[in-house]
Amino acid sequence: MTDTPARNDDVALRIRGLNAGFRMSDGYLPIIEDVNLEVRKGEVLGIIGESGSGKTVTGMSILHLLPENAETKWEKFDFLNRDVTGMDEEAFRALRGNHMAVVFQDPTGAFNPAKKVGWHFHQVFERTAVKSPDHAQRAKDWRNAAINLMRDVGIAHGENVLGQYPHQLSGGMLQRALIALVLAFEPDLILADEPTTNLDNIVERQILDLFRDLQKRLDSAFIFITHDMTIAATLCDRIAVMYAGRIVELGATREIFDDPKHPYTQGLLATALALEVKSGERLQEIPGELPHPGDLPPGCVFAPRCPHVFGRCEVERPPLFDLPGREVRCLLYEDDDVSGR
Amino acid sequence: MSLAADARIAGADEPLMRIDDLTIRFKLGGGLSGIMSDGPKHLDAVDRVSLDIRKGEVLGLVGESGSGKTTIGKAILRLYDAHQGSIFFRGTDITKLRGSALKALRRDLQMIFQDPASSLNPRQTVRTVLATPLLLHRVCRHDEVDRKVDEILTQVGLSPIFRNRYPHELSGGQLQRVAIGRALTLSPDLIVADEAVSKLDVSVRSQILNLFRDIQEELGTTIVFITHDLHVARYLCHRIGVMYFGKLLELGPTNEIYENPRHPYTEALLGTLKPTAKDDANAPIAEAGEAYNPTGTTVGCRYYARCPYRVDHCQTAHPPLENISEEHKVACYEWQRIGQR
Amino acid sequence: MGFIWYLIIRLGGALVTIAIGAVFVFILMQLIPGDPAIAALGENATDENVAAFRRMHGLDQPLPVQFWIWLSGIAQGDFGKSITLAQGYPVWDLMVQRLPNTLFIAVYALVIAVVISFFAGSIAALRQGRMSDTAATSASILGISMPDFWLSYVLILVFSLGLGVLPAFGFTSPLESFSGALVNGALPAFAIAAPMAGVFARILRAALLETKRKDYVTAARSFGFRDTFVYMHYIFRNALIPFVTVIGVQVRYLVGGTVIIERIFGIAGLGSMMVDGAFGRDYAVVQACMLAFLVFVLGVNLIVDIICAFLDPRRTH
Amino acid sequence: MTGTSKFSGVSRRNFLVGAAAGVTAAAMPTWGRLANAAGKNHLNVGLIGFSVVNTLDPQKAGLNSDFWALSAMFNGLMRILPDGSVEPDLAESVSQENDTTYVFALRKGVKFHNGEELTAEDVKFTLDRVLSEETASPNRAKFQAIEQVEARDKYTVVLRLSVPSVPVITHLHNGVTGSQIISKKAFEDMGAEAFSKAPVGTGPFKIKEWRPSERLEMVAHTDYFRAGEPKVASCDILLIAEETSGGTAMLAGDIDVASTIPFADAPQLEADPNITISRMAGANWRYCALNLTKAPFDDANFRRAVSMAFNREAVVKAAIFGEGTPMQGAIPSYLKTAYATYERPVCQFNPERARAEMAKGKYGEGTEAVVLTWGSGWWKRWTEIFVANVNQVLNTKFSVEVTDANVAFQRYKAMEIDAENTGWIGRMELDEYIGDCFRTDASRNFYKYSNTKVDELIDAGRSEFNPVKRGELYRMAEDLIVEDCPVIFAFNNNAHNMWRKGVEGFVPTPGQHLGSQLGPVSVPS
Amino acid sequence: MAESTFSPKRLAREILRNRSATAGVAIIGFMALAMIFGPSFLPYDPNGMDFMAILEVPSWTHPFGTDAVGRDVLARVLYGARISMLVTIIGVSLGGAAGTLIGMTSGFVGRWVDPVVMRFVDLLMAFPIFVLALFLMLVLGFGIQPVIFAIALVYVPNFARLARNTTLAVKEEPYVQAARLMGQSNLRIMLREILPNIAAPMFVQLTVGFAFGIVIEAGLSFLGLGVQPPDPSLGVVMADGKDYFLAHPWVITLTGLTLMVIILGLNLLGDGLRDILDPRLRKRSMA
């Protein structure tokens with residue numbers, strides 16, 4: 001194997017200055033701007049945002065899986081301490097699966113509807129065979145390996161599941177199977193894109209428990225994309241909050257929950273947690289609506305909804321300010337910036 | 001003040017609507033699936049459910065997808081025909097109403113749908129949407145329509161400038177406000193809100209929840225609020241009914257249900273709410289067993305396969321809904337064992 | 001098994017359609033003005049000739065009786081006898097002579113259309129937005145826009161009279177000489193195939209593009225599978241379903257095309273026989289041809305459904 | 001047919017682009033196309049413009065195409081020569097016992113396809129069968145003058161007629177007559193239905209397979225009574241419905257001999273050195289039949305006006321590309337004894353006289369009438385020209401209505417028309433042009449024309465055995481008819497026959513009778 | 001956000017932005033102009049016979065040559081295209097209207113009506129399309145009105161099925177349920193709520209229908225069953241040209257070419273409209 005990067009650092013992924021958008025029939029539509037991320041091995045990074053905030057595009061950019069009409073720009077993309085910026089697509093393809101893998105939001109859609117679940121396992125094990133002779137050996141006995149893996153993710157009768165078509169399985173079951181597929185790769189980076197959104201409450205909880213459990217067992221780096229603050233709180237080590245294509249706040253989970261800096265984070269926490277703690281009072285609102293990516297305000301993208309807005313907000317796109325243990329994209333914290341900008 | 005705390009409200013003794021032994025039966029696919037499956041050719045989406053809806057209350061119906069909560073909601077509104085049982089509204093069985101009597105009934109019963117984008121005719125302006133029922137039911141004269149429309153718009157927190165907009169020019173939150181406005185045009189006695197906030201973004205959701213509460217407090221409209229979101233249910237509802245595969249499993253005042261659940265399923269559902277610390281290994285909240293197959297031939301309790309409390313007796317028949325206190329009903333043979341953990 | 005049941009029920013449905021179709025065709029035939037006696041006896045016929053002819057062929061019976069005789073005949077495999085096309089000739093024998101030719105041309109055209117569209121559609125989808133896509137897409141829409149009967153004459157002009165490489169007229173039954181049928185059927189088959197190939201290519205392109213956007217394709221790419229593998233097993237495999245479905249829909253255009261084409265190229269097929277029969281008011285022949293077309297279209301649709309059921313496990317399981 | 005199929009002969013054509021068009025005759029295998037053809041002594045005959053041969057039973061047959069095909073398998077007692085004269089065929093001689101009794105001495109040793117010898121019984125059986133009401137032969141009317149058929153001995157047949165009739169004798173030829181002699185034994189053995197598919201006659205070819213609306217496959221009748229005929233071992237008659245396809249088939253070498261060609265293609269085909277075209281005045285006449293019982297054609301002045309307003313030259317030139325001649329009556333030039341060589345003013349294009357004639361009658365400008373037509377392009381085209389022409393000259397409001405042949409003929413028979421373009425082809429007997437069409441109550445006099453003087457002349461003509469005198473009588477009748485103008489006489493089109501280089505022995509006839517001419521035809525080996 | 005509401009102005013803008021729609025509009029526009037104004041610019045009467053100029057090769061005086069009776073082929077083609085288009089547009093529109101009505105009612109009413117109607121639609125759809133048209137011509141007789149009627153009838157099942165399927169989909173849309181909850185009558189729901197929302201696919205189908213409808217017209221007239229002389233339609237002119245196609249191939253080839261260009265324009269327009277009007281495709285392009 002030539003595409004295995006050396007593992008001499010525990011930073012699995014480092015991204016600087018990621019921009020992405022789509023070429024549309026009526027021009028270019030920017031979706032995300034200036035995204036900077038870092039994930040260490042064994043760490044769970046949560047990306048939180050509402051629909052349209054660009055969190056999925058961020059995730060798919062990392063795997064080079066955006067649709068053909070997408071355009072991405074990177075300042076820097078290090079993966080396992082190897083600079084993969086501008087790597088050619090075929091070489092990057094070799095990284096996918098064996099080194100970075102995704103758990104999708106809709107497990108039903110992630111399986112080839114014309115093929116049985118077993119076929120998927122077979123192909124995935126075949127794909128891992130290049131990793132090492134052990135893997136090659138395992139690929140030969142893929143059936144047992146698959147059943148073992150499925151047991152790990154809580155599928156008791158894997159042998160039955162192998163012979164079934166995706167549509168014959170429930171969403172929860174499929175999500176477990178998909179996770180098993182991803183685990184078969186033993187990837188260095190796992191991206192989970194709202195993996196529980198389409199599931200019922202109880203199953204959702206079970207899958208989340210499974211993730212929590214896996215994350216403890218594996219030393220992979222995790223990126224967990226979600227719109228749900230509660231889930232993020234219970235699962236993630238660090239959290240990046242996205243709004244309208246930008247990371248507006250990034251920091252350790254506990255700190256962000258205890259002391260949200262960005263007005264948007266504050267509002268989000270207030271509205272989300274208000275329901276949970278059940279004050280019984282009127283819920284706190286974030287007034288207004290999410291902006292359309294093609295129609296962003298000229299200044300801070302949150303300015304029109306921000307309770308702390310002041311003059312410059314409406315004309316200036318704030319950069320990400322480095323605070324101790326925190327990055328915030330808000331002019332309120334300009335003076336607290338420690339990077340010396 | 002908490003609404004839920006005020007569970008017993010004026011006129012509670014005399015239900016606005018009484019659902020009696022209601023069954024809604026769907027024929028299963030005439031085409032392929034019907035022929036291919038060996039099972040029965042129909043599905044009881046709602047299976048012998050009895051329920052009172054009290055005047056002025058917010059009754060929450062919670063459950064997972066496929067539990068029949070939406071079906072009940074639509075049956076109340078005569079969008080589905082009852083296979084068996086009756087629905088008494090102000091003393092009249094409405095399941096048999098036709099023609100002008102049905103049209104008259106429409107004024108009193110309204111609905112708010114899950115997906116705001118598809119609940120408004122994309123070819124009609126907001127004004128048309130709101131004016132149609134006004135004119136159809138002769139609520140006001142032609143020359144008063146615009147004034148009345150503006151009144152409604154204001155009531156749901158929209159500026160009158162929205163009057164001539166088309167749905168695609170509105171955001172999700174605004175659309176839902178229009179939909180709520182439409183439901184209010186005829187000053188109905190009862191509104192069924194079907195997952196009315198689940199498609200909305202977190203930051204917009206609280207706006208709409210607040211709107212619901214305002215309307216309820218101002219107008220005293222009875223609301224049947226269908227949701228899978230337990231936080232939302234707790235926030236908004238006076239009483240909660242828990243459904244599972246067509247059956248009503250538990251019914252009681254919100255506080256009672258949340259603090260003292262007496263059905264294993266309710267308990268499991270609520271278990272998903274408990275914020276889990278990141279490192280906290282949780283006991284399974286429900287067995288991972290196969291869910292009940294609604295088209296199968298299983299008799300006995302529908303929750304049997306996943307129930308941690310199951311005993312042999314549970315397999316004989318689905319337990320009846322019993323009063324365990326004046327306000328609290330449970331359909332479980334083993335309810336006394338629940339909640340004691 | 002479920003699938004067998006499915007087949008039985010589909011076949012039953014088709015039979016019902018055919019039965020209603022039989023009534024429909026019979027009524028339609030009777031609505032056509034004119035008299036088979038004139039067609040059969042020619043211009044010398046006298047009124048008494050005509051009367052004798054009508055009596056001889058049971059045309060003087062009340063319509064319901066005629067219908068009953070015809071229907072009960074069919075139930076016993078007797079499609080009646082021709083009266084104006086080949087007096088006294090059993091219609092079934094005529095069908096046996098003609099059917100192979102029409103089937104051959106239809107299948108030939110279908111194969112040409114599928115092969116062309118396979119390449120054109122795939123290239124267009126794989127190189128979406130590039131020159132080859134534009135070329136393939138333009139060629140498809142040009143193909144769709146060519147009326148087959150006009151194309152026939154252009155083909156004759158170029159390939160028969162101009163280049164002298166393919167015959168303009170005459171056809172050999174594939175039962176007599178398969179290679180002969182292939183050569184002689186080339187122009188008519190191509191004339192029918194060209195517009196269809198255009199339709200198929202566009203459908204395939206659209207289906208491929210749509211499938212390409214599916215989540216499972218993204219998932220497959222996330223597994224790091226090779227592009228060719230993803231194309232074959234994910235994209236093409238699943239795009240086949242709408243592609244095959246469209247073939248079923250197109251059959252009624254295909255078979256309709258044979259009516260004019262068979263005349264132009266002098267192919268003794270069902271289409272030309274039906275036209276001759278219609279002009280000759282040969283009721284039994286036309287009714288049988290119509291039923292044959294009906295059975296053919298329904299049959300192809302059934303086969304298409306079965307293929308789809310195999311391609312798409314969601315339909316059978 | 002040499003076993004190679006060539007697509008040569010069109011390469012000179014200027015409309016084809018590219019040097020490829022200049023490539024000469026590329027030899028190509030036939031790919032087994034005409035399966036019998038490969039390397040054998042085989043003849044392919046194209047019957048162009050027809051899609052149906054309805055029956056092979058001569059007494060049942062009614063369509064021209066029926067006879068053109070089946071005549072290859074039969075003979076009549078008489079045969080007709082290209083110049084119109086009649087001579088004995090199966091009969092050795094014909095003699096007259098008195099005005100109404102004819103004696104036919106049969107040729108001896110003539111064998112049917114089944115090997116049986118032809119006897120007087122077969123002839124009697126055949127003729128009785130035509131005459132029997134039960135048979136419902138469409139040609140029965142032709143023989144109504146026969147009172148009795150008698151088989152005097154094995155080789156002698158006697159016909160007794162009710163009136164002296166020349167036409168009856170002519171109608172015994174192997175054409176559109178229904179009098180082709182069939183084998184009594186074979187017919188009785190096989191039954192009518194089987195016989196109609198595989199008939200047994202005395203002709204040069206016997207049936208091998210009949211594929212209706214497609215082709216007739218025949219093999220040589222080796223015991224044919226004309227020594228040395230047929231010249232080929234097998235022969236197929238192919239039905240080619242599209243006229244254009246007939247031309248391309250000939251150019252491509254798919255057929256060796258054909259009757260009729262598309263008028264437009266004649267020069268093209270003629271220019272091809274590999275194809276021989278014969279062209280002669282055809283045994284046909286084209287006219288516009290008028291409904292004499294109702295307005296506006298109940299007025300003779302108006303009819304004459306229309307006739308004189310009609311530019312026949314233009315129709316001949318444009319509708320049939322000059323392949324024909326304008327007609328001044330019903331008798332085509334091929335029937336020389338009766339053909340009028342002088343001008344008849346009523347049939348001459350003359351706008352002034354036409355308008356003057358119209359002024360004398362009941363109807364004037366703006367008169368409306370619908371001309372019914374049907375059929376192929378050139379047929380509709382001549383209707384179109386006719387109508388446009390008359391409207392232009394007379395300022396009338398004639399219009400064209402098109403329907404299919406069946407409906408057209410049905411309405412024609414019932415005279416549910418104002419006018420209809422029609423005509424007859426393949427008639428060899430003079431009486432068929434005058435007597436059948438214009439005698440009071442004649443079988444094809446649907447327009448109910450009646451003129452006692454004409455009737456008398458026709459009756460005289462029917463019993464006149466001297467051909468010259470007979471022609472005179474019919475021409476005189478025609479003079480009277482033209483003056484009454486019961487139909488608008490239009491034109492006579494050329495009869496074409498064509499054959500490929502190397503084909504020999506084909507004798508074209510004005511009636512384009514194909515089958516009866518195939519015996520002496522040979523193909524290059 | 002899916003754009004599903006169109007003002008004419010907006011539609012025009014969308015068409016201009018769509019390559020194939022623009023091309024289609026350009027071609028159809030050009031052909032329409034040629035059809036409407038062309039004949040009056042040409043010094044020839046489409047029915048004016050000139051026996052001095054029979055079957056002339058295309059030249060500057062007769063760009064498409066002349067036919068057997070010396071009529072200018074271009075004049076006949078332009079005039080014939082007008083008749084062909086008119087016949088097709090009226091026929092397909094009639095069929096489309098009837099089919100939409102039948103399909104919409106069938107889908108909306110459901111119960112026993114739907115299976116009965118759909119069985120009949122299935123039956124009609126099992127007949128080869130040209131065979132059905134040919135038959136109807138024999139029953140109805142030849143001429144312009146029968147062709148219109150035959151084309152209309154042939155198209156009824158296509159539209160009925162499409163309308164029914166889209167109606168079934170739209171019927172379940174919450175806004176239709178909402179309309180019912182407002183107490184709107186079924187008729188009103190069909191006309192106000194459903195029809196406007198199934199109009200787009202019907203409209204697309206209509207354009208595509210024109211494209212094949214004109215082939216049916218030409219085919220029928222080509223066989224001599226359709227439009228009848230002296231009225232030229234494209235099929236009539238081609239049928240004329242067929243008679244002398246060996247010697248004078250330009251009449252059929254050039255007329256056919258014109259027909260092809262018209263169909264091409266309609267197809268391109270249909271393609272473009274589908275892109276513009278089909279919300280499913282639009283959503284996808286946003287994904």
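Letters go in sequence order (proteins before strands), and every chain restarts at 1.
Looking at C/Val154 and E/Thr253, their side chains come closer than 4.5 Å, going by heavy atoms from C-beta outward. Proximity of E/Arg119 to C/Val16: side-chain heavy atoms (C-beta onward) are separated by under 4.5 Å at one or more points. A 4.5 Å side-chain heavy-atom check between C/Met146 and E/Leu259 finds every atom pair outside the cut-off. Proximity of E/Met260 to C/Leu142: side-chain heavy atoms (C-beta onward) are separated by under 4.5 Å at one or more points. Taking the side chain as every heavy atom from C-beta outward, C/Trp150 and E/Lys242 never approach each other to under 4.5 Å. Side-chain atoms of E/Phe135 and C/Val25, non-hydrogen and from C-beta on, never get closer than 4.5 Å to each other. No side-chain heavy atom of C/Phe149 sits under 4.5 Å from any side-chain heavy atom of E/Leu223.
Heavy-atom distances place no part of C/Val300 under 4.5 Å from chain E, backbone and side chain included. Using a 4.5 Å cut-off between heavy atoms, E/Leu257 touches chain C through backbone and side chain atoms alike. Looking at E/Leu225, the atoms closer than 4.5 Å to chain C (heavy atoms on both sides) all sit in the side chain, from C-beta outward. Proximity to chain E involves both the backbone and the side chain of C/Met290, based on heavy atoms less than 4.5 angstrom apart. Both the backbone and the side chain of E/Leu138 have a heavy atom closer than 4.5 Å to some heavy atom of chain C. With a threshold of 4.5 angstrom between heavy atoms, C/Ile144 approaches chain E through its backbone and through its side chain. Proximity to chain C is absent for every atom of E/Ala211, based on heavy atoms less than 4.5 angstrom apart. Within the 4.5 angstrom heavy-atom criterion, no atom of C/Phe296 approaches chain E.
At most 12 non-hydrogen atoms from other residues, nucleotides or ligands lie less than 6.0 angstrom from OH of E/Tyr79. When the shell of 6.0 Å around CZ of E/Phe203 is examined, it contains 12 or fewer heavy atoms from other residues, nucleotides or ligands. No more than 12 heavy atoms of other residues, nucleotides or ligands sit less than 6.0 Å from atom CZ of C/Phe190. The number of heavy atoms from other shown groups lying within 6.0 Å of CD (E/Gln145) does not exceed 12. Dense packing is recorded around OH of C/Tyr108, with more than 12 heavy atoms of other residues, nucleotides or ligands lying under 6.0 Å away.
Between the CG atom in E/Leu140 and the CG atom in C/Leu31 there is a gap of 9.0 Å [rounded to 0.5 Å]. One distance of note links OG of C/Ser145 with CG of E/Leu264; it measures 4.0 Å at 0.5 Å rounding. For the atom pair CE of E/Met125 and CG of C/Asn301, the computed distance is 9.0 Å after rounding to the nearest 0.5 Å.
With respect to chain C, the highest number of heavy-atom pairs below 4.5 Å among E/Leu124, E/Ile214, E/Asp122 belongs to E/Leu124. Comparing E/Leu268, E/Asn267, E/Val215 by how many heavy-atom pairs each has under 4.5 Å with chain C, the most go to E/Asn267. When each of C/Gly21, C/Gly257, C/Gly34, C/Gly271 is scored by its heavy-atom pairs under 4.5 Å with chain E, the top score falls to C/Gly21. Per-residue heavy-atom pair counts under 4.5 Å with chain E were compared for C/Ala14, C/Pro147, C/Pro195, and the maximum is reached by C/Pro147. Each of E/Ala218, E/Ala133, E/Gly241, E/Ser20 has some count of heavy-atom pairs under 4.5 Å with chain C, and the biggest count is that of E/Ala218.
Judged by distance alone, the side chain of C/Arg252 and the main-chain N or O of E/Phe127 form a donor-acceptor pair under 3.5 Å.
Residues E/Ala126 and C/Leu298 share a closest heavy-atom pair of CB-CD2, 3.9 Å. Nearest approach of E/Pro128 to C/Gly256, heavy atoms of both residues: CB-N, 3.5 Å. Summarising the geometry of C/Leu157 relative to E/Pro249, their closest heavy-atom pair is CD2-CB, 3.7 Å, with the distance given to 0.1 Å. Across C/Ile141 and E/Asp271, no two heavy atoms sit closer than the pair CD1-OD2, 3.7 Å.
Ring centers of C/Tyr253 and E/Phe130: at least 6.0 Å apart, outside the cut-off.
Ring planes of C/Tyr153 and E/Phe245: perpendicular class, angle over 60° (limits at 30 and 60°).
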